[in-house]
Each structure stands twice: as structure tokens, then as C-alpha cells.
Amino acid sequence: MFSKALILRVSLSVSVSVSCLLLATASFASDSAPVDCSHLMAWVAGGVPSPKLIPVVQQRGIAFTPSPSVESEFRSAGATPDLLATLRRLKPGQGDACPASLVKAASLAHEKNYDAAETLFGDLLAADSQNGSLHFALGYINQQQGDWDTAFDEYSSSKESEPEFAEVHNRLALVFYQGDDGDNAIGEARTALSMDFHDAEAYRMLGLGLYANEDYPAALNAFQESLARDPENADVYYEMGLVEQEQSSEEKSDGRAIMSFHKALQLNPQLWQAHSSLGSLLAQQNHFVEAIAELTTAKHLAPNEPSIRESLASAYYGKGDFDVAIAEYNELYKSYPDWHRGDRK
């Protein structure tokens, strides 16, 4: 759940949603300034995938020279070979290289040292508070830390400074979805789609918003649109499985959900959420051996996620392994004494 302060901020956001959409669309159409090194570095640090960044730099050009040393800095931040190859093919600009402190912050974020990265990005913003790309990167770090309230603040500041950047609308859509605010998630996703109707991530965010609003057929349609543009996205298959599981408790629907979870894991075996959801669903069908295998894998991938341990204990109990079930419950309540059945971290 989000804080009351966040809910108040969201209500203010709703009141200006139409004007923001018009501003974002107009800004995106007119913004042709070359991308400077700092913006690109912050976007890389903020987890924007290369397929999103490559068209931006191809369209706008770059305001820096991608020398070998600069390439090395981007590589330390997680830039992919295809993005670096694209930079080499572009006409070099005359702008400054990235500040060393930004390179360090981006590298720390890539290494998942989020606390240290957060400190450095905070220092950078203290000197350049209107830089939307820095707010975006900091919002991503807060998101990775599970601090959705602060992520909302940073993404909102990024949107205010640079509303033409479509990815910030996708990120805000995700934040709203996390807060079970389907309407605002849908609104931000549609803003992103108004900028690029081929944006697979925007269709995914639209699907999540519709899912939050329990509009399951429309959510599945949005996810299908996303997969039509990015067919290898494991997250979308996982989220489709969630929708299919909610649509009906009938065996046919559960079968579709199981197929979607399996497809997600085929694409990304490290996706613990898919292992957990698949295991829980199999347990509901009394397939306890298979369920325990999936939930055990999920626990190994995400050992600090209490919902997995609860589901695993329940599966052992259903299987009749009462001692193991009790041990799992004891570990759960030892680590999370305030845990209530059905909670999510």
C-alpha cells in the first residue's frame, strides 16, 4: 500500500493528466536536440533497454564523442554492445563527456549497489535539480529498493522536467499499478502510446492497468499487443498467466495460466515470481510434488520473500509432510513475526 501522502499527490496528478498528455505529445514531436552524455548515461543507469535508446540517439544524434574511454564508461554502466555499436556509427558531437561522479553512480547501479548509487545520484541532483534524466535514474534505484513512494516522487519530477521521454510514463504506470491504481496506470500507458504506438512496454503497462481494474479480456488483448512487438518478454507471459488465473477457476483457464507461466520460465528461468505463482497454482490442483519443486526453486531465487515460504509450507501440509510444513511456518514467523496469511511483502 502507498502512503496517504502519495495518494494525495496522485490526486493532484489526475487533475492535470490531460494537459500533461498534450504537453508530452507536443514536446516529443519538437524535441530534436542531440542527446548529451549525461542524459544517456543516466538513462542506461535507469534501466532503459537498448532497443528503446537506440532509436532515440539515431533520431536525435549525440552531443559527445564516443571515444574508447567513453565507451568503457558506458560499458561499466551496463550499456550493451548493440548500443555502443550504434554510438560509433553516429556523427560525434562537441559536448562534454560524462562527469566522473555520474559514471561512478551509474556503475554502482549496474552492480546493484543501490544504496551507494542513491547517495551519489542525490548529490548530482543537488547540483542539477531540474535534470529529468537524473530524477529518472534515481527513481529506478528507489524502485529496485522497493521504495515505491520515493520512486513516484522521482519519476514525477522527471516527467515534469522532460515529459517528452516516453519511458518515464511507462515507469509511472508501473508505480500506479503497484498501488492498485488502474485508472492512472492506464492513463500513463496511453500517454506513452501516444508517443509511440509500437511501444511494447507501453502495451504491457496498459495490460497491467486493465488487470488492476479487473478488465481481464482487455488486459489480455493489451498483453497480446505487447508480445506482437516483443515476443521474448518473459514478464508479459507471467502477467498473462496471472490474468488467466483470475479469469476463471475452471480447469481450462488454469491450463492456460500454467502454459503462460511455463513460457515465462522458458524465456527466463530466474523469474522467481513465475516459479512461485506456478507452484501455488499446482498446489491448488493437488499436484503437490510439482508444486513443491517450483516453490523450492522460487525460495532459492528469492530467499527473503515471505509469501514463497508461506506457499511452500501450505504445499507441504497438503502433501502430508506435516513436520516440514511446521518447520517452514516456524521459519516464516521467526523472520516475519507480524506476517498474516495471504500477505504480500
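Only heavy atoms go into these numbers, but all of them, side chains included; no hydrogens, no water, no symmetry mates.
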Should Y238 and Q273 be marked as a side-chain contact (heavy atoms from CB on, under 4.5 Å) after you check the CA-CA gap, both sets of side-chain angles, and the distance that decides it?
CA-CA 8 Å; Y238 163 66; Q273 295 93 334; 3.5 Å; yes
| Derivation and outcome, side-chain contact (heavy atoms from CB on, under 4.5 Å), residues R204 and E225 | CA-CA 8 Å; R204 178 192 167 211; E225 291 290 341; over 6 Å; no
- Item | Audit row: K319, N286, side-chain contact (heavy atoms from CB on, under 4.5 Å) steps and yes/no | CA-CA 8 Å; K319 184 173 178 287; N286 296 328; over 6 Å; no
Can you check side-chain contact (heavy atoms from CB on, under 4.5 Å) on L174 and W148, steps first, answer last? CA-CA 10 Å; L174 181 60; W148 291 97; 4.1 Å; yes
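For F121, there are no ring-ring contact (aromatic ring centres under 6.0 Å, His included) partners two or more places apart in sequence or in a different chain. Take D96 and apply the side-chain hydrogen bond (donor to acceptor under 3.5 Å, both in side chains) test, not counting sequence neighbours, and it matches no residue.
Among residues at least two apart or in separate chains, salt bridge (charged side-chain N to carboxylate O under 4.0 Å, His left out) pairs with a member in residues 41-55 are K52-E167, K52-D199.
Of the listed residues (T150, L138, N142, V175), just one forms a side-chain contact (heavy atoms from CB on, under 4.5 Å) with Y155, and that residue is V175.
A donor-acceptor contact shorter than 3.5 Å is absent between the side chain of S277 and the backbone of A274. Checking side-chain atoms of S311 against main-chain N and O of S307 turns up a donor-acceptor pair under 3.5 Å. Between the N213 side chain and the D215 main chain, no donor and acceptor come within less than 3.5 Å of each other. A donor-acceptor pair is defined here as one N or O able to donate and one able to accept, closer than 3.5 Å; such a pair exists between the side chain of S280 and the backbone of S276.
Between K159 and E188 there is a salt bridge, since at least one side-chain N of the basic residue sits less than 4.0 Å from a carboxylate O of the acidic one. With salt bridges taken as basic N to acidic carboxylate O contacts below 4.0 Å, none links K299 and E305.
Shortest non-hydrogen contact noted between R229 and A200 is CB-CB, 3.8 Å. The minimum heavy-atom distance between F64 and C37, with the atom names listed, is CD2-N, 3.4 Å.
Counting heavy atoms from C-beta on, the side chains of M205 and F176 never come closer than 4.5 Å. At least one side-chain heavy atom of S107 sits less than 4.5 Å from a side-chain heavy atom of E111. The side-chain heavy atoms of V48 and F165, taken from C-beta on, include a pair separated by under 4.5 Å.
For Y203 and F223, the distance between ring centers is not under 6.0 angstrom.
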